[in-house]
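Heads up: the structure comes next, in structure tokens.
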Amino acid sequence: MIVDQRLVTYINSLDKGNTPFLNELEMKALRDYVPIIRRETQSLLKMLLQLKRPSRILEVGTAVGFSALLMYTYGPEDCQITTIENYEKRIPIARENFRKAGAEKRITLLEGDAQEVLKTLEGPYDFIFMDAAKGQYIHFFPEILRLLDKGGLLVSDNVLQGGDIIESHFAVERRNRTIYKRMREYLSVLKNSEELETAILPLGDGVALSVKKEQQEENHEG
Ligand code: SAH
Ligand code: MG
């Protein structure tokens with residue numbers, strides 16, 4: 001927990017919530033230990049969708065389709081969503097959830113390792129939601145940057161690892177060390193990229209918001 005739990009509980013208590021379909025899906029996912037975006041992150045995504053009104057959304061990390069269906073429900077009516085998942089057990093569940101929601105025409109689920117799948121995609125996407133294996137964001141980044149439209153928004157979830165990302169190498173469990181190191185590298189790349197403007201929010205499990213600049217050349221000359 002990055003922020004005081006009582007504060008998070010209070011903030012979430014103000015939320016008017018989602019549709020019954022999404023509520024049920026969320027409950028089921030939590031019951032089955034499927035990792036899905038937190039309430040605070042859901043609220044942020046919904047606000048960003050209103051602000052940005054994207055027409056093409058790309059998601060990396062479908063799980064059982066909760067966040068894809070949240071974006072489907074609260075995004076523009078005509079927007080297309082492409083989402084990538086490589087865990088065979090979750091793919092049929094996600095497909096079934098998309099079918100139940102009547103969302104198959106607007107959500108395309110691509111099966112496979114995002115590292116490979118991303119290479120095959122054609123941009124531009126004006127909204128990208130990165131929510132897959134934390135240690136891989138840095139490897140996905142070149143393709144993500146290629147696929148992101150100018151003025152497009154990249155939302156990266158779980159970037160602060162419950163706050164543990166700032167712990168010393170030795171305080172961190174061995175298996176997490178590489179993940180944290182790569183995540184710090186990723187955040188550094190996001191913040192230092194000439195092509196992006198990035199803000200890191202201690203919201204949920206840590207969210208980075210990056211916009212691809214429209215006028216990069218002017219910034220170089222200026
Ligand atoms: N966005 C979902 C939760 C995603 S959990 C939601 O909020 O509803 C992260 C998912 O990313 C997991 O299901 C995991 O199997 C998948 N994943 C991790 N690494 C991946 C990779 N390299 N390629 C494709 N999917 C990956
Ligand atoms: Mg996540």
Side-chain angles (χ1 to χ4, degrees), residues 1-2 8 12 18-19 21-46 48-49 57-75 81-98 100-101 103 107-121 125 127-144 147 154-165 175-176 178-180 182-183 186-187 200-209:
M1 193 56 58
I2 299 171
V8 175
N12 287 340
N18 301 321
T19 59
F21 183 86
L22 285 169
N23 287 342
E24 200 185 316
L25 195 59
E26 181 183 34
M27 252 167 39
K28 233 186 270 168
L30 293 174
R31 197 192 56 206
D32 298 338
Y33 302 102
V34 175
I36 59 166
I37 49 168
R38 298 180 190 190
R39 284 284 163 88
E40 314 86 274
T41 316
Q42 296 171 27
S43 171
L44 178 71
L45 275 187
K46 285 159 78 170
L48 291 172
L49 289 167
I57 298 177
L58 173 64
E59 175 181 70
V60 187
T62 317
V64 295
F66 177 78
S67 54
L69 283 167
L70 183 98
M71 295 190 283
Y72 165 84
T73 306
Y74 296 103
I81 303 173
T82 301
T83 181
I84 308 172
E85 176 59 53
N86 69 346
Y87 188 13
E88 307 83 24
K89 267 185 164 169
R90 287 186 182 148
I91 291 165
I93 303 173
R95 284 203 192 284
E96 176 62 10
N97 287 332
F98 296 153
K100 274 191 206 152
I107 303 182
T108 308
L109 172 56
L110 301 177
E111 305 180 15
D113 187 342
Q115 185 79 63
E116 298 309 314
V117 176
L118 287 170
K119 285 182 205 155
T120 69
L121 296 180
Y125 291 90
F127 196 104
I128 301 183
F129 182 46
M130 179 88 101
D131 191 22
K134 319 313 158 205
Q136 313 241 333
Y137 290 12
I138 186 77
H139 304 313
F140 300 157
F141 183 71
E143 292 299 326
I144 292 292
L147 292 167
L154 165 63
V155 181
S156 309
D157 193 23
N158 310 102
V159 296
L160 297 178
Q161 303 292 304
D164 286 346
I165 195 165
R175 67 195 166 96
N176 284 330
T178 311
I179 296 177
Y180 294 3
R182 287 189 186 156
M183 189 55 90
Y186 179 64
L187 291 179
I200 301 170
L201 309 182
L203 172 139
D205 195 29
V207 178
L209 301 181

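When reading the values below, keep in mind they use all heavy atoms of this one structure, side chains included, and skip hydrogens, waters and symmetry mates. Both counts, for ligands and for their atoms, begin at 1 and track the order of listing.
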Give the atom name of whichever N/O/S atom in Asp131 sits closest to the Mg ion (ligand 2).
OD1
Heavy-atom pair with the smallest gap, counting every atom of Ile2 and Gly163
CG1-N, 3.6 Å
Run the side chain to side chain donor-acceptor pair (under 3.5 Å) check on Ser156 and Tyr137 step by step: do they pass?
CA-CA 8 Å; Ser156 309; Tyr137 290 12; over 6 Å; no
What closest approach, in Å, do Thr62 and Ala94 show between heavy atoms, and which atom pair accounts for it?
CG2-CB, 4.0 Å
Under 3.5 Å, N/O to N/O: give me all the pairs between ligand 1 and the protein, one per line with atom names and distance.
| unit_1 | atom_1 | unit_2 | atom_2 | d |
| --- | --- | --- | --- | --- |
| ligand 1 | 1 (N) | Gly61 | O | 2.8 |
| ligand 1 | 1 (N) | Ser67 | OG | 2.8 |
| ligand 1 | 1 (N) | Asp131 | OD2 | 2.8 |
| ligand 1 | 7 (O) | Ile37 | N | 2.9 |
| ligand 1 | 7 (O) | Ser67 | OG | 3.2 |
| ligand 1 | 8 (O) | Ser67 | N | 3.0 |
| ligand 1 | 8 (O) | Ser67 | OG | 3.3 |
| ligand 1 | 13 (O) | Glu85 | OE1 | 2.8 |
| ligand 1 | 13 (O) | Glu85 | OE2 | 3.2 |
| ligand 1 | 13 (O) | Arg90 | NH1 | 2.7 |
| ligand 1 | 15 (O) | Glu85 | OE2 | 2.6 |
| ligand 1 | 19 (N) | Ala133 | N | 3.4 |
| ligand 1 | 22 (N) | Asp113 | OD1 | 2.9 |
| ligand 1 | 23 (N) | Ala114 | N | 2.8 |
| ligand 1 | 25 (N) | Asn86 | N | 3.3 |
| ligand 1 | 25 (N) | Asn86 | OD1 | 3.2 |

Separation between CG (Leu147) and OH (Tyr125), nearest 0.5 Å, reads 6.5 Å
Got a second to check how far Leu110's CG is from Leu58's CG, nearest 0.5 Å?
8.5 Å
Give me the atom names and distance for the closest heavy-atom approach of Leu203 to Leu44.
CD2-CD2, 4.1 Å
Answer yes or no for Thr41: is there an N/O/S atom below the 2.8 Å cut-off from the Mg ion (ligand 2)?
no
Indicate yes or no: does Arg95 engage Glu111 in a salt bridge with an N to O separation below 4.0 Å.
yes
